[in-house]
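Data block below; observations after.
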There are 2 protein chains.
Amino acid sequence: MPIGLSTEELDRIDLIVAARRKIKRGTTLFRNGEKFNSLYAIRTGFFKTCVASEDGRDQVTGFQMAGEVIGLDGIVNDHHTCDAIALEDAEVCVMPFERIEELSREVNALQRHVHKIMSREIVREHGVMLLLGSMRAEERLASFLLNLVQRLHARGFSKSELILRMTREEIGSYLGLKLETVSRTFSKFAADGIVEVKQRHVHILNTDALKDIVNPKACN
Amino acid sequence: MPIGLSTEELDRIDLIVAARRKIKRGTTLFRNGEKFNSLYAIRTGFFKTCVASEDGRDQVTGFQMAGEVIGLDGIVNDHHTCDAIALEDAEVCVMPFERIEELSREVNALQRHVHKIMSREIVREHGVMLLLGSMRAEERLASFLLNLVQRLHARGFSKSELILRMTREEIGSYLGLKLETVSRTFSKFAADGIVEVKQRHVHILNTDALKDIVNPKACN
DNA sequence: CGTAATGTTGAGCGCATTCAAGCCGGGTGG
DNA sequence: CCACCCGGCTTGAATGCGCTCAACATTACG
C-alpha cells in the first residue's frame with residue numbers, strides 16, 4: 001500500500017503477512033478482552049467494530065471495508081477493547097504487530113505508513129464526534145451516506161449506488177440514533193427525491209442535496 | 001515517561017525535546033490548517049482541542065492536562081486538523097516528529113511508547129463515541145466528572161475536589177449538550193446531594209452515586 | 001412454505017433545546 | 001472604594017426532535 005518503495009522493501013513488507021484468514025458473515029475477527037497480537041488488513045468483505053458499556057449498551061464505532069486496517073485499539077493494553085464483526089463473508093491479512101514494529105524500524109516508509117494509519121483513525125473519530133455531538137438526524141444520515149459512497153467510489157464502485165451491508169439498527173448505533181429514526185429519515189430523503197431506497201439498495205439521485213443537508217449554505 | 005530504559009536511552013530521548021514553549025491562556029498551540037511538525041507534551045497547564053465543521057459549528061474533541069501528548073491529528077496529512085487552545089497558562093515540550101521517528105527506529109521502548117499513545121487516543125475516542133451515541137445528559141456529565149477527577153487524582157490531586165478549567169459551553173460541546181443543559185444537570189446533582197458546585201469549583205460528595213448514574217446496577 | 005429477522009409507519013411522549021430574563025463575580029475606571 | 005460592565009452561569013417556560021411503544025409489511029432463509 002505505501003508507495004515509493006524499492007522492490008526489495010516491498011518484498012520484505014509482504015513478509016509481514018503471516019497468514020490469511022477467512023471470516024464468515026456474522027462471526028467475529030476479534031472481540032473485546034481477547035489478547036492482541038496482530039493488525040488485520042481487510043482484503044475483501046465488510047466489518048463493523050463496536051464497543052460495549054458494562055450495562056449492555058453498545059455502540060458501533062466504525063464500518064470498515066477492503067483496504068482498511070483494524071485492530072489498532074488493541075495496542076495500548078495488549079488486549080482488544082472492541083469487537084470486530086464481519087457483515088459479510090470476508091478475508092483478512094493477519095499482520096503480527098511484533099513483525100510490523102520490527103520491520104518499521106528498518107523501512108522508513110513503513111514506519112511512516114503505520115503512523116499515518118493511526119493518525120487517520122484519530123482524525124476520522126474526530127469527525128464522528130462532531131457528527132454525534134452537533135448534528136441532527138438528517139445531517140447525520142446524509143453525512144454517513146456521503147462518506148460511504150465516497151469510500152466505495154475510491155474502490156471503483158458507483159458514485160451514486162450502493163448496497164448497505166448493515167442493518168438500520170447498526171446504522172443507528174453508529175449515528176447515535178434509533179433504528180426507527182434511521183428508517184424515517186431514509187423515507188424522508190426518498191420523499192424529497194434525494195435518494196431511492198429499497199431495503200438495503202440505495203440510489204443517490206441528488207448528491208448536492210445531501211451535501212447541502214450536511215453543510216447548509218444559508219449564507220448565500 | 002516510558003520505563004525500563006537504560007540511562008543512555010533516556011538521555012537520547014531527552015534530546016527529542018527541541019524546545020519548550022509557553023502558551024498564554026486563551027491562545028492556540030496550533031490550529032486547523034497549520035503545518036504539522038511536532039508533537040507536544042504538556043508540562044503544565046490545561047488544553048482543549050476542537051474541530052470545526054465548515055458552517056461554523058465546532059466540537060471540543062478533548063481536554064488535555066499535564067503529561068498528555070497533543071498533535072497526533074497532524075500526522076496523516078502533514079497539517080493539523082483541529083485547534084489546540086490553552087485553557088490556562090501552559091508550558092509544553094516541543095518534540096519534532098522527525099526526531100521521534102528517527103529515534104524510535106533505534107530505541108524499541110520509544111517506538112512501543114509512541115504506538116501506545118496513539119492507540120490510547122483511539123480507545124479514548126471510542127469511549128467518547130459511546131458517550132455521545134448512547135448516554136443521556138446525566139450519564140454524560142457524571143462520566144465526564146469521574147474521568148476528570150480520576151485523571152487529576154493520578155497526578156496527585158484530590159479524589160473529590162476539582163476546579164474546572166473550562167466553561168459550561170466547552171463542557172457542553174464536548175458532551176454533545178447545550179450549556180444550559182450542563183448547568184441544569186449540575187444543579188440536579190447538587191440538589192441530589194451528589195456534588196457541591198460553586199461556579200467552577202466542584203466537590204464530589206458521593207462518587208458511588210456518580211458511578212451508579214453512569215452504570216446503573218438495576219439488575220440487583 | 002412458514003418462521004424469524006428486518007424494515008416501515010403511526011401516535012404520543014419526554015428529554016434536551018430554544019428563547020428569555022436575571023444573577024453572580026471579577027475587572028476596570030472614575 | 002464603589003459603580004459599572006461584561007462574560008459566564010443559573011433558572012424558567014414553551015417548543016420540538018427523536019424516542020418509545022405498537023402494529024404491520026417485507027424479506028431472508030432454513
Side-chain angles (χ1 to χ4, degrees), chain A residues 24-27 46 48 57 59-60 85-89 131-145 162-192 195-203 213 216, chain B residues 24-26 46 48 57 59-60 85 87-89 131-145 162-192 195-203 213 216:
Chain A
K24 279 242 154 283
R25 176 186 161 155
T27 64
F46 206 93
K48 69 169 175 178
R57 266 182 305 209
Q59 169 75 27
V60 173
I85 297 169
L87 296 179
E88 58 180 9
D89 292 356
L131 179 147
L132 291 172
S134 70
M135 291 187 180
R136 300 182 311 97
E138 289 180 30
E139 301 174 284
R140 295 183 197 199
L141 189 62
S143 174
F144 171 74
L145 286 175
L162 66 157
I163 296 177
L164 302 172
R165 318 255 70 134
M166 69 295 281
T167 67
R168 301 288 189 263
E169 185 169 20
E170 287 160 339
I171 297 172
S173 172
Y174 181 60
L175 299 179
L177 302 169
K178 293 288 138 179
L179 69 95
E180 295 95 327
T181 305
V182 174
S183 180
R184 267 185 252 274
T185 308
F186 268 126
S187 300
K188 170 144 196 327
F189 286 173
D192 293 350
V195 299
E196 279 175 359
V197 184
K198 202 175 283 178
Q199 300 290 131
R200 300 198 177 182
H201 297 254
V202 177
H203 186 187
I213 288 172
Chain B
K24 279 241 154 283
R25 178 187 159 152
F46 205 93
K48 69 168 177 179
R57 267 182 305 209
Q59 169 75 26
V60 172
I85 297 170
L87 297 179
E88 58 180 8
D89 291 357
L131 179 148
L132 291 172
S134 70
M135 291 186 179
R136 300 181 312 95
E138 290 180 29
E139 303 174 283
R140 295 183 197 200
L141 189 62
S143 174
F144 171 73
L145 286 175
L162 66 157
I163 296 178
L164 302 171
R165 320 269 47 149
M166 68 294 280
T167 67
R168 300 289 189 263
E169 186 168 19
E170 286 161 340
I171 296 172
S173 171
Y174 182 60
L175 298 179
L177 302 169
K178 294 287 139 180
L179 69 94
E180 295 95 327
T181 305
V182 174
S183 180
R184 268 185 251 275
T185 308
F186 268 126
S187 300
K188 168 135 197 332
F189 286 173
D192 294 350
V195 299
E196 278 174 359
V197 184
K198 201 175 284 178
Q199 300 289 131
R200 300 199 177 180
H201 297 253
V202 176
H203 185 186
I213 287 171

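Owing to the predicted nature of the structure, the values given are computational and were not obtained by experimental measurement. Numbers restart at 1 for each chain; the letters A, B, ... are given by sequence-line order, proteins then strands. Computed over heavy atoms, backbone and side chain alike; hydrogens, waters and symmetry mates excluded.
Put simply, B:T167 has no side-chain N or O that comes within less than 4.0 Å of OP1 or OP2 on D:dG7. At C:dT8, one or more side-chain N or O atoms of A:S183 fall inside 4.0 Å of OP1 or OP2 (strictly under the cut-off).
B:L87 has its CG atom 12 Å from the P atom of D:dG8, to the nearest Å. Whole-Å rounding puts the A:L179 CG to D:dA22 P distance at 15 Å. Taking atom CZ of B:R184 as the reference point, atom P of D:dA13 lies 11 Å away to the nearest angstrom. In this entry the distance linking CD1 of B:I171 with C1' of D:dT10 reads 14 Å, nearest Å. Rounded to whole Å, the distance from CZ on B:R136 to C1' on C:dA16 is 11 Å. Distance, B:L132 CG to C:dA16 C1': 14 Å, rounded to whole Å. A straight line from NE2 of B:H201 to P of C:dC24 spans 17 Å, rounded to a whole angstrom. One interatomic measurement links the two molecules: CZ of B:R25 to P of D:dG7, which rounds to 13 Å at whole-angstrom precision.
Pairing each heavy atom of A:S134 with each of A:E139, the nearest pair is O-OE1, 4.5 Å.
Both A:E138 and B:M166 sit near DNA chain D, but only B:M166 has its closest nucleotide nearer the 5' end.
Looking at B:L164, B:L87, B:D89, B:I85 one by one, the single match for side-chain contact (heavy atoms from CB on, under 4.5 Å) with B:F46 turns out to be B:L87.
The side chain of B:K178 sits closest to C:dT17 out of C:dT17, D:dT10, C:dT6. Counting only heavy atoms from C-beta on, A:E180 has its side chain closest to D:dT20 among D:dA13, D:dT20, C:dG7.
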